[in-house]
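Report on the structure given below.
Computation of the quantities below employed the complete heavy-atom set of this structure, encompassing side-chain atoms and omitting hydrogens, waters and symmetry-equivalent molecules. Just so you know, these numbers come straight off a predicted model, no measurement behind them.
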Amino acid sequence: MSTTPTTPQPPRILDEADLLRALPMTAAVEALRTALRDGPDPEADPPRTIVPVEHGQLLLMPAHRSRYAGVKVATVAPDNPAAGLPRVQGQYLLFDAPTLAPLALLDGVAMTTVRTAAVSALAVDLLAVPDAGHLVVFGTGPQARGHLDALRAVRPLTRVTVVGRTPANVERFVAAARRDTGLAVTAGEPSAVADADLVACCTTARTPLFDGALLPPHATVAAVGSHERGSREVDGTTVLRSTVVVESRAAAAREAGDLIPELESDRLAREELVTLAALACGTATADPQRPRLFKGVGMAWEDLAVAGAAYEAA
């Protein structure tokens, strides 16, 4: 069905509630899977534009596919949480591709939360052992909760260990997750990765969160907390032990702080990076004898796939 409007219309407004109602996690995962199989190579995506400003950053992420074009404008203000405000804010503007007429304005933060968790869920679905039941989550914010919900959609989780810096935040997260999911959710320490099937790193850490030597060979790690060269959630041991999966090799080389030290020291060759597209299309597989590491930085094609699917569903 064509999305081209017959007469100019104001953009439809999709707030957080509209987005979550229109696009359950399983639908978001499938929209991304379809985009990888049918769309242009993510390597061709325009790079994220990052503009430093006095109190943080302005981010611009445009994308174009056959049916839609779109752009996300987001801000990152590191000092906001201390004032009780969101660290990340933004909006997404979706256009009809043939006419470039605006179709919808979506809550950028809600969409990013859904998109990031859905990309990780797709990676886990392509990489993790089928019976993965124990998830270790680092972080207690919206991405941590989004990843718990997303990974439940693709694997039969039975227990969750939550690791965070602030005990009160961990306690609140554990209580809410127990109530909402019915799973066995407990607080834990970084060493819990030794017994993990899945690990989700959803933090703004500048230094590694756990010792990669502890990971069991069957574990799958999703590290998605940052797109900055100076940030690092996993250590070199995790990187070098694992099959490393990325959204795009070019984006990883620019923005994946978890991988850049190994790439720039030639301990990890860029050609060794496996792409999500190769996995989704069946042209690559992961070594079952090694841990699997998905390092996501977030890309514009993902935002567009999720925004388009949400618009159609709404």
Side-chain angles (χ1 to χ4, degrees), residues 25-26 28-47 63 65 115-132 147 150-151 153-155 196-201 212 215-224 227 233-306:
M25 184 53 62
T26 52
V29 171
E30 289 311 308
L32 291 162
R33 196 191 309 267
T34 299
L36 282 176
R37 289 175 174 170
D38 300 345
D41 188 343
E43 298 289 351
D45 245 27
R65 296 258 167 149
R115 174 266 276 169
T116 304
V119 174
S120 293
L122 175 58
V124 164
D125 197 35
L126 294 168
L127 292 168
V129 292
D131 59 349
H147 274 69
L151 300 185
V154 295
R155 286 299 182 271
D197 301 312
L198 305 174
V199 179
C201 302
L215 285 171
H218 74 277
T220 296
V221 179
V224 300
H227 57 264
E233 295 184 291
V234 301
D235 59 11
T237 300
T238 300
V239 173
L240 297 177
R241 284 189 63 202
S242 302
T243 297
V244 181
V245 178
V246 297
E247 297 138 307
S248 124
R249 290 169 173 164
R254 286 192 306 266
E255 300 180 339
D258 289 293
L259 308 180
I260 286 171
E262 281 64 46
L263 289 168
E264 294 188 345
S265 66
D266 293 328
R267 289 182 292 169
L268 176 67
R270 186 162 162 169
E271 295 72 27
E272 292 180 68
L273 301 176
V274 178
T275 66
L276 270 183
L279 287 174
C281 295
T283 59
T285 58
D287 183 350
Q289 303 304 313
R290 304 171 65 191
R292 278 76 86 190
L293 168 63
F294 169 64
K295 171 54 192 171
V297 296
M299 296 187 68
W301 70 266
E302 300 161 354
D303 290 326
L304 185 62
V306 169

- Measuring from Leu304:CG to Arg115:CZ, what's the distance to the nearest 0.5 Å? 11.5 Å

- Task: Nearest 0.5 Å please: distance from the CG atom of Asp197 over to the OG1 atom of Thr220.
- Result: 8.5 Å

- side-chain contact (heavy atoms from CB on, under 4.5 Å) against Thr26, all qualifying residues, sequence neighbours excluded: Pro24, Ala153

- Message: Consider side-chain contact (heavy atoms from CB on, under 4.5 Å). Of Val154, Val29, Val119, which one does Val124 pass it with?
- Response: Val154

- Message: For Arg155, is there an ion pair with Asp125 - N to carboxylate O distance below 4.0 angstrom?
- Response: yes

- About how many Å separate CG of Leu263 and CG of Asp258, when rounded to the nearest 0.5 Å? 11.0 Å

- If you round to the nearest 0.5 Å, how far is CG of Leu122 from CD of Glu30? 8.0 Å

- Item | Nearest heavy-atom neighbours spanning Ala223 and Val234 | CB-CG1, 4.2 Å

- Query: Out of curiosity, Glu247 CD to Lys295 NZ, how far, rounded to the nearest 0.5 Å?
  - Reply: 8.5 Å

- Query: So, does Thr283 use its side chain to make a donor-acceptor pair with the main chain of Ala278 at under 3.5 Å?
  - Reply: yes

- Message: List the residues meeting side-chain contact (heavy atoms from CB on, under 4.5 Å) with Asp235, not counting sequence neighbours, and say none if there are none.
- Response: Pro208, Asp211, Thr237, Thr238

- Heavy-atom donor-acceptor pair, Glu262 side chain to Leu240 backbone, under 3.5 Å: no

